[in-house]
Novice: 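Take a look at this one; I'll ask things after.
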Amino acid sequence: MNTPENTSKTTSAPAEKTDAQWREELTPEEYRVLRQAGTERPYTGEYWDTHTEGVYQCRACGSQLFTSKEKFDSHCGWPSFWAPLAEGTVRYLHDRTMGMERVEVRCATCDSHLGHVFEGEGYGTPTDQRFCINSISLRLVNPEES
(Lines give C-alpha, C1' and ligand atoms only; values in the text may rest on other atoms or scores of the structure.)
Protein backbone atom coordinates (compact mmCIF):
# COMPACT_ATOMS: atom_id res chain seq x y z
CA MET A 1 0.00 0.00 0.00
CA ASN A 2 1.39 3.38 -0.92
CA THR A 3 0.72 4.93 2.48
CA PRO A 4 4.01 5.90 4.14
CA GLU A 5 3.87 6.48 7.85
CA ASN A 6 3.59 10.08 9.03
CA THR A 7 3.74 11.60 5.57
CA SER A 8 1.70 14.02 3.55
CA LYS A 9 2.41 16.30 0.67
CA THR A 10 0.30 19.26 1.66
CA THR A 11 1.59 22.69 0.86
CA SER A 12 -0.39 24.56 3.49
CA ALA A 13 0.45 24.67 7.17
CA PRO A 14 -1.68 22.43 9.41
CA ALA A 15 -4.56 24.10 11.21
CA GLU A 16 -3.38 24.52 14.77
CA LYS A 17 -5.92 24.98 17.53
CA THR A 18 -5.82 24.32 21.22
CA ASP A 19 -7.72 21.45 22.74
CA ALA A 20 -10.09 24.01 24.30
CA GLN A 21 -10.79 25.55 20.88
CA TRP A 22 -11.57 22.14 19.36
CA ARG A 23 -13.88 21.31 22.27
CA GLU A 24 -15.70 24.61 21.80
CA GLU A 25 -16.13 24.20 18.03
CA LEU A 26 -17.07 20.50 17.88
CA THR A 27 -19.93 18.57 19.45
CA PRO A 28 -18.84 16.02 22.07
CA GLU A 29 -19.27 13.16 19.57
CA GLU A 30 -17.38 15.03 16.81
CA TYR A 31 -14.59 15.73 19.29
CA ARG A 32 -14.43 12.07 20.36
CA VAL A 33 -14.01 10.85 16.78
CA LEU A 34 -12.07 13.69 15.14
CA ARG A 35 -9.69 14.60 17.95
CA GLN A 36 -9.52 11.39 20.01
CA ALA A 37 -9.57 8.87 17.12
CA GLY A 38 -12.88 7.36 18.15
CA THR A 39 -15.22 5.43 15.88
CA GLU A 40 -18.94 5.83 15.36
CA ARG A 41 -21.08 2.71 15.47
CA PRO A 42 -21.60 1.03 12.08
CA TYR A 43 -24.83 1.77 10.17
CA THR A 44 -25.55 4.84 12.31
CA GLY A 45 -23.69 7.64 10.53
CA GLU A 46 -25.29 10.18 8.23
CA TYR A 47 -23.45 9.09 5.05
CA TRP A 48 -22.95 5.32 5.23
CA ASP A 49 -25.61 4.69 2.55
CA THR A 50 -25.81 8.09 0.86
CA HIS A 51 -25.59 8.28 -2.93
CA THR A 52 -25.92 12.07 -3.20
CA GLU A 53 -23.43 13.77 -5.52
CA GLY A 54 -21.00 16.16 -3.95
CA VAL A 55 -17.72 16.75 -2.21
CA TYR A 56 -16.98 15.41 1.25
CA GLN A 57 -15.17 17.96 3.40
CA CYS A 58 -13.47 17.54 6.76
CA ARG A 59 -16.05 18.44 9.38
CA ALA A 60 -13.38 20.06 11.54
CA CYS A 61 -11.66 22.35 9.03
CA GLY A 62 -13.61 22.24 5.75
CA SER A 63 -10.81 20.80 3.60
CA GLN A 64 -12.02 18.83 0.59
CA LEU A 65 -11.17 15.16 1.12
CA PHE A 66 -13.31 12.82 -1.03
CA THR A 67 -15.99 13.02 -3.73
CA SER A 68 -19.11 11.00 -4.38
CA LYS A 69 -17.46 9.72 -7.59
CA GLU A 70 -15.07 7.57 -5.52
CA LYS A 71 -17.69 6.45 -2.99
CA PHE A 72 -18.89 2.86 -3.23
CA ASP A 73 -21.13 0.43 -1.36
CA SER A 74 -18.93 -1.82 0.75
CA HIS A 75 -21.74 -2.80 3.13
CA CYS A 76 -19.43 -2.30 6.12
CA GLY A 77 -21.59 0.32 7.87
CA TRP A 78 -19.36 3.34 7.20
CA PRO A 79 -18.88 5.49 4.09
CA SER A 80 -16.32 3.86 1.80
CA PHE A 81 -14.20 5.47 -0.88
CA TRP A 82 -11.63 3.92 -3.20
CA ALA A 83 -9.39 7.02 -3.21
CA PRO A 84 -9.15 10.50 -1.68
CA LEU A 85 -9.97 13.55 -3.80
CA ALA A 86 -6.30 14.27 -4.50
CA GLU A 87 -2.85 13.27 -3.34
CA GLY A 88 -1.91 15.11 -0.16
CA THR A 89 -5.45 15.72 1.12
CA VAL A 90 -5.07 12.96 3.71
CA ARG A 91 -2.13 11.56 5.63
CA TYR A 92 -1.50 8.07 6.89
CA LEU A 93 -0.32 6.69 10.22
CA HIS A 94 0.38 3.15 11.27
CA ASP A 95 -2.23 2.24 13.88
CA ARG A 96 -1.47 -0.63 16.22
CA THR A 97 -4.33 -0.02 18.66
CA MET A 98 -6.87 -2.64 19.67
CA GLY A 99 -4.43 -5.45 18.84
CA MET A 100 -4.63 -4.78 15.09
CA GLU A 101 -2.27 -3.57 12.38
CA ARG A 102 -4.14 -0.88 10.44
CA VAL A 103 -3.46 2.33 8.56
CA GLU A 104 -5.20 5.35 10.05
CA VAL A 105 -6.37 8.14 7.73
CA ARG A 106 -6.18 11.75 8.97
CA CYS A 107 -7.00 15.11 7.42
CA ALA A 108 -3.73 16.54 6.14
CA THR A 109 -4.85 20.08 6.98
CA CYS A 110 -6.01 19.81 10.60
CA ASP A 111 -4.78 16.31 11.59
CA SER A 112 -8.28 15.13 12.51
CA HIS A 113 -8.97 11.39 12.57
CA LEU A 114 -11.15 10.28 9.67
CA GLY A 115 -11.00 6.49 9.72
CA HIS A 116 -8.80 3.76 8.22
CA VAL A 117 -7.76 2.48 4.81
CA PHE A 118 -7.70 -1.21 3.91
CA GLU A 119 -6.27 -2.90 0.85
CA GLY A 120 -6.76 -6.20 -0.96
CA GLU A 121 -10.30 -6.93 0.19
CA GLY A 122 -11.52 -7.81 -3.30
CA TYR A 123 -14.05 -5.02 -3.88
CA GLY A 124 -12.96 -4.57 -7.50
CA THR A 125 -12.37 -0.83 -7.19
CA PRO A 126 -9.70 0.86 -9.34
CA THR A 127 -7.25 1.06 -6.42
CA ASP A 128 -8.27 -2.11 -4.52
CA GLN A 129 -8.44 0.12 -1.45
CA ARG A 130 -11.31 0.90 0.92
CA PHE A 131 -11.12 4.17 2.80
CA CYS A 132 -13.48 3.39 5.67
CA ILE A 133 -14.39 6.84 6.99
CA ASN A 134 -16.58 7.94 9.90
CA SER A 135 -19.61 9.94 8.71
CA ILE A 136 -19.18 12.31 11.61
CA SER A 137 -15.73 13.23 10.28
CA LEU A 138 -17.27 14.48 7.03
CA ARG A 139 -19.66 17.09 5.67
CA LEU A 140 -21.20 16.52 2.24
CA VAL A 141 -21.57 19.68 0.16
CA ASN A 142 -23.01 20.32 -3.28
CA PRO A 143 -20.23 20.53 -5.89
CA GLU A 144 -21.12 24.18 -6.62
CA GLU A 145 -20.69 25.07 -2.92
CA SER A 146 -17.26 23.51 -2.57
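The first residue in the sequence is number 1, and the count goes up from there.
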Novice: With heavy-atom distances below 4.5 Å as the criterion, would you say the side chains of V103 and L93 are in contact?
Specialist: no
Novice: Are a donor atom and an acceptor atom from the side chains of E104 and H113 found within less than 3.5 Å of each other?
Specialist: yes
Novice: Restricting to non-hydrogen atoms, name the atom on P84 and the atom on T89 that form the minimum distance, rounded to 0.1 Å.
Specialist: CB-OG1, 3.6 Å
Novice: How would you list, by chain and number, every residue that makes a side chain to side chain donor-acceptor pair (under 3.5 Å) with T39, sequence neighbours excluded?
Specialist: none
Novice: For the residue pair F66 and F81, categorise the inter-ring angle as parallel (less than 30°), tilted (30 to 60°) or perpendicular (more than 60°).
Specialist: parallel
Novice: When you look at CD of E24, are more than 12 heavy atoms from neighbouring residues, nucleotides or ligands closer to it than 6.0 Å?
Specialist: no
Novice: With a 4.5 Å cut-off on side-chain heavy atoms, are W22 and C110 touching?
Specialist: yes
Novice: E53: which residues meet the salt bridge (Lys or Arg N to Asp or Glu O under 4.0 Å) condition with it, sequence neighbours left out?
Specialist: none
Novice: Between S68 (side chain only) and G54 (backbone N and O only), is there a donor and an acceptor less than 3.5 Å apart?
Specialist: yes
Novice: Quick one: list whatever passes ring pair (Phe, Tyr, Trp, His ring centres under 6.0 Å) with W48, sequence neighbours left out.
Specialist: Y43
Novice: Is a donor on one side and an acceptor on the other found under 3.5 Å between the side chain of T127 and the backbone of Q129?
Specialist: yes
Novice: Under the 3.5 angstrom rule, does the side chain of E25 hit a backbone N or O of A60 as a donor-acceptor pair?
Specialist: no
Novice: Grab the two heavy atoms, one from H116 and one from D95, that are nearest each other, plus how far apart they are.
Specialist: NE2-OD2, 2.6 Å
Novice: One thing to verify: whether E46 and R139 come together as a salt bridge, which I'm taking to mean a side-chain N less than 4.0 angstrom from a carboxylate O.
Specialist: no
Novice: Does some side-chain heavy atom of R32 sit less than 4.5 Å from a side-chain heavy atom of T27?
Specialist: no
Novice: Quick check on the hydrophobic clustering: are I136 and L34 connected, directly or via other members, by side-chain heavy-atom contacts under 4.5 Å?
Specialist: no
Novice: Are any of the side-chain heavy atoms of C76 and C132 separated by less than 4.5 Å?
Specialist: yes
Novice: Considering only heavy atoms from C-beta outward, does the side chain of R106 approach that of V90 to under 4.5 Å?
Specialist: no
Novice: Which one of F72, W82, F118 satisfies the side-chain contact (heavy atoms from CB on, under 4.5 Å) criterion with Y123?
Specialist: F72
Novice: Is there a donor-acceptor contact under 3.5 Å linking the side chains of S112 and R35?
Specialist: yes
Novice: Using every non-hydrogen atom in the two residues, find where E30 and R59 come nearest and quote the distance to one decimal.
Specialist: OE2-CD, 2.9 Å
Novice: Minimum heavy-atom separation for S63 and T109, please, with both atom names.
Specialist: OG-OG1, 2.8 Å
Novice: Kindly compute the distance separating CD (Q57) from CG (L85), expressed to the nearest 0.5 Å.
Specialist: 10.5 Å
Novice: Evaluate the side-chain proximity of K71 to P79: yes if any heavy-atom separation is below 4.5 Å, no if none is.
Specialist: yes
Novice: Side-chain contact test, heavy atoms from C-beta onward, threshold under 4.5 Å: evaluate it for R130 versus E119 and give yes or no.
Specialist: no
Novice: Membership question, hydrophobic clusters at under 4.5 Å side-chain separation (ILVMFWY): are W78 and L114 in the same one?
Specialist: no
Novice: Please check this pair: side chain of Q36 against backbone of V33, looking for a donor-acceptor N/O pair closer than 3.5 Å.
Specialist: no
Novice: Show the nearest heavy-atom pair for residues L65 and C107, with the distance to one decimal.
Specialist: CD2-SG, 4.2 Å
Novice: May I have the step-by-step check of side chain to side chain contact (heavy atoms under 4.5 Å, CB included) for V105 and F131, ending in yes or no?
Specialist: CA-CA 8 Å; V105 179; F131 287 77; 3.9 Å; yes
Novice: What closest approach, in Å, do L140 and Y47 show between heavy atoms, and which atom pair accounts for it?
Specialist: N-OH, 3.0 Å
